[in-house]
Asker: 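Okay, here's the structure, questions in a sec.
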Amino acid sequence: MEPFSSLPEIYLIGAGGHCKVVVDVLESEKKYSIRKILDDNPKADSLYTYTIEKLENVHILKDKKCIISIGDNYIREKIASRLNTNYVMTIHSSAVVSKFAKIGEGTQIMATAVVNPEAIIGKHCIINTGAIIEHDCVLGDYVHISPNATLGGNVIVGEFTQVGIGATVIQSITIGKNVVIGAGTVIIEDIPDNAVVVGVPGKIIKYKEA
């Protein structure tokens, strides 16, 4: 018999490495009780104390509370468009999130991250460990800000973009959609859609397919 919890139940979709961090965030936040973890191709039967099951019938998630615990931006979008369920956000207890910020459904804010006033973060984003989102930033849906990356004030980031580990974006920069910013890169000028950028200062080295 599973232990009783008075907290609302939540299902995690995706049982890979990123799921471990989402579990940690949910346990820290203490707002939900993890019912189980679902995966299209599970490699194990459990993660920590939680059961992992194959996601075979998407209809079981109808009207359930869920989080997509997968790091890949495009896979999160694919799953979100496939399932009819209720996505919730989760925020680690050590994160600092302004009450004047706006956070979209399904977004995950990890340990020690900072989101400052008037920041707007879209749906199903990942604000990873120690990342900083300064005042008045606007992030589209399915954006991933990697550990220790920093966005200065008034930065705009297009949907599906990933800002790499330890990257820095100075204030008032616009970064397009489907962009990859390499680890440690310093962005001092606007970046167009589909660009891959590395270096200090950041330089475009190629373009991805749209």
Side-chain angles (χ1 to χ4, degrees), residues 12 14 16-29 67-76 89-104 106-191 195-205 208:
L12 304 188
H18 183 68
C19 182
K20 299 174 183 178
V21 186
V22 175
V23 167
D24 188 65
V25 175
L26 287 164
E27 289 193 347
S28 168
E29 190 176 30
I67 287 180
I68 304 173
S69 47
I70 294 172
D72 185 284
N73 294 337
Y74 284 95
I75 294 178
R76 287 201 309 285
M89 75 175 83
T90 187
I91 300 173
H92 195 282
S93 62
S94 67
V96 179
V97 179
S98 170
K99 68 178 181 180
F100 302 111
K102 295 180 180 179
I103 314 296
T107 285
Q108 308 146 31
I109 300 180
M110 308 315 194
T112 70
V114 177
V115 179
N116 273 331
E118 301 294 333
I120 300 173
I121 298 175
K123 299 185 295 183
H124 300 285
C125 293
I126 298 171
I127 310 303
N128 223 318
T129 310
I132 297 174
I133 311 298
E134 264 299 344
H135 65 89
D136 299 291
C137 288
V138 179
L139 278 58
D141 299 337
Y142 306 101
V143 164
H144 186 165
I145 307 299
S146 299
N148 291 320
T150 299
L151 306 185
N154 294 285
V155 168
I156 298 172
V157 181
E159 61 185 9
F160 298 107
T161 285
Q162 177 153 5
V163 179
I165 293 172
T168 301
V169 182
I170 68 167
Q171 68 276 6
S172 302
I173 290 293
T174 296
I175 298 173
K177 301 176 183 179
N178 190 38
V179 169
V180 175
I181 306 295
T185 297
V186 177
I187 301 298
I188 61 173
E189 59 185 15
D190 292 351
I191 303 297
V196 177
V197 188
V198 299
V200 181
K203 300 294 183 183
I204 298 171
I205 59 169
K208 300 169 59 182

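Just so it is clear, the structure is predicted and the values come from calculations on it, not from any experiment. In what follows, residues are counted from 1 in the order of the sequence shown.
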Asker: For a 4.5 angstrom cut-off between non-hydrogen side-chain atoms, does Leu139 reach Leu151?
Answerer: yes
Asker: Determine whether a donor-acceptor pair (N or O, by modelled atom type, separation under 3.5 Å) exists between the side chain of Ser172 and the backbone of Asn154.
Answerer: no
Asker: Measure across Val23 and Leu12 and return the closest heavy-atom pair with its distance rounded to 0.1 Å.
Answerer: CG2-CD1, 3.6 Å
Asker: Keeping Ser94 on the side-chain end and Thr112 on the backbone end, is there a donor-acceptor pair under 3.5 Å?
Answerer: yes
Asker: Under the ring pair (Phe, Tyr, Trp, His ring centres under 6.0 Å) rule, collect the residues that match up with His92, sequence neighbours excluded.
Answerer: none
Asker: Measuring from atom CD1 of Ile121 to atom CD1 of Ile127, what distance do you get when rounded to the nearest 0.5 angstrom?
Answerer: 4.0 Å
Asker: Can you see which heavy atom on Ser69 is nearest to which on Gly14, and at what distance?
Answerer: OG-O, 2.6 Å
Asker: Hey, does the side chain of Ser146 reach the backbone of Val163 with a donor-acceptor pair shorter than 3.5 angstrom?
Answerer: yes
Asker: Closer than 3.5 angstrom, by distance alone: can the side chain of Ser93 be matched with the main-chain N or O of Glu29 as a donor-acceptor pair?
Answerer: no
Asker: Rounded at 0.5 Å granularity, tell me how far NE2 in His135 sits from CG in Asn116.
Answerer: 8.0 Å
Asker: Check whether Thr150 reaches the backbone of Ile132 with its side chain - one donor and one acceptor, N or O, closer than 3.5 Å.
Answerer: no
Asker: Flag the pair Met110 / His18 as yes when at least one side-chain heavy-atom distance between them is below 4.5 Å, and no otherwise.
Answerer: yes
Asker: Kindly compute the distance separating CG (Asp72) from CD1 (Ile126), expressed to the nearest 0.5 Å.
Answerer: 9.0 Å
Asker: Does a side-chain heavy-atom distance below 4.5 Å link Gln162 with Asn73?
Answerer: yes
Asker: Find the distance between CD1 (Ile109) and CD1 (Ile103) and round it off to the nearest 0.5 Å.
Answerer: 4.0 Å
Asker: Which atom pair, heavy atoms only, marks the closest approach of His124 to Tyr142?
Answerer: CB-CE2, 3.4 Å
Asker: Report the residues that fulfil side chain to side chain donor-acceptor pair (under 3.5 Å) with Asn178, sequence neighbours left out, ordered by chain and then residue number.
Answerer: Tyr74, Asn194, Lys208
Asker: Mind listing the closest non-hydrogen atom pair of Leu26 and Thr90 along with its distance?
Answerer: CD2-OG1, 3.4 Å
Asker: Check whether any side-chain N or O of Asp141 sits under 3.5 Å from a backbone N or O of Lys123 as a donor-acceptor pair, and report yes or no.
Answerer: yes
Asker: Taking side chain as C-beta onward, heavy atoms only, is Gln108 less than 4.5 Å from Ile67?
Answerer: yes
Asker: Checking Phe100 now: which residues fulfil ring pair (Phe, Tyr, Trp, His ring centres under 6.0 Å) with it, not counting sequence neighbours?
Answerer: none
Asker: Measuring from atom OG1 of Thr161 to atom CD of Glu159, what distance do you get when rounded to the nearest 0.5 angstrom?
Answerer: 8.5 Å
Asker: Please find the pair of heavy atoms, one from Arg76 and one from Ile68, that lie closest to each other, and give the distance.
Answerer: O-CD1, 3.4 Å
Asker: Do you know which two heavy atoms are closest between Gly140 and Cys125, and how far apart they sit?
Answerer: O-SG, 3.1 Å
Asker: Which of these passes side-chain contact (heavy atoms from CB on, under 4.5 Å) with Ile188: Val200, Ile170, Val169, Thr168?
Answerer: Ile170
Asker: With rounding to the nearest 0.5 angstrom, report the CG to CD1 distance, Asn148 to Ile165.
Answerer: 8.5 Å
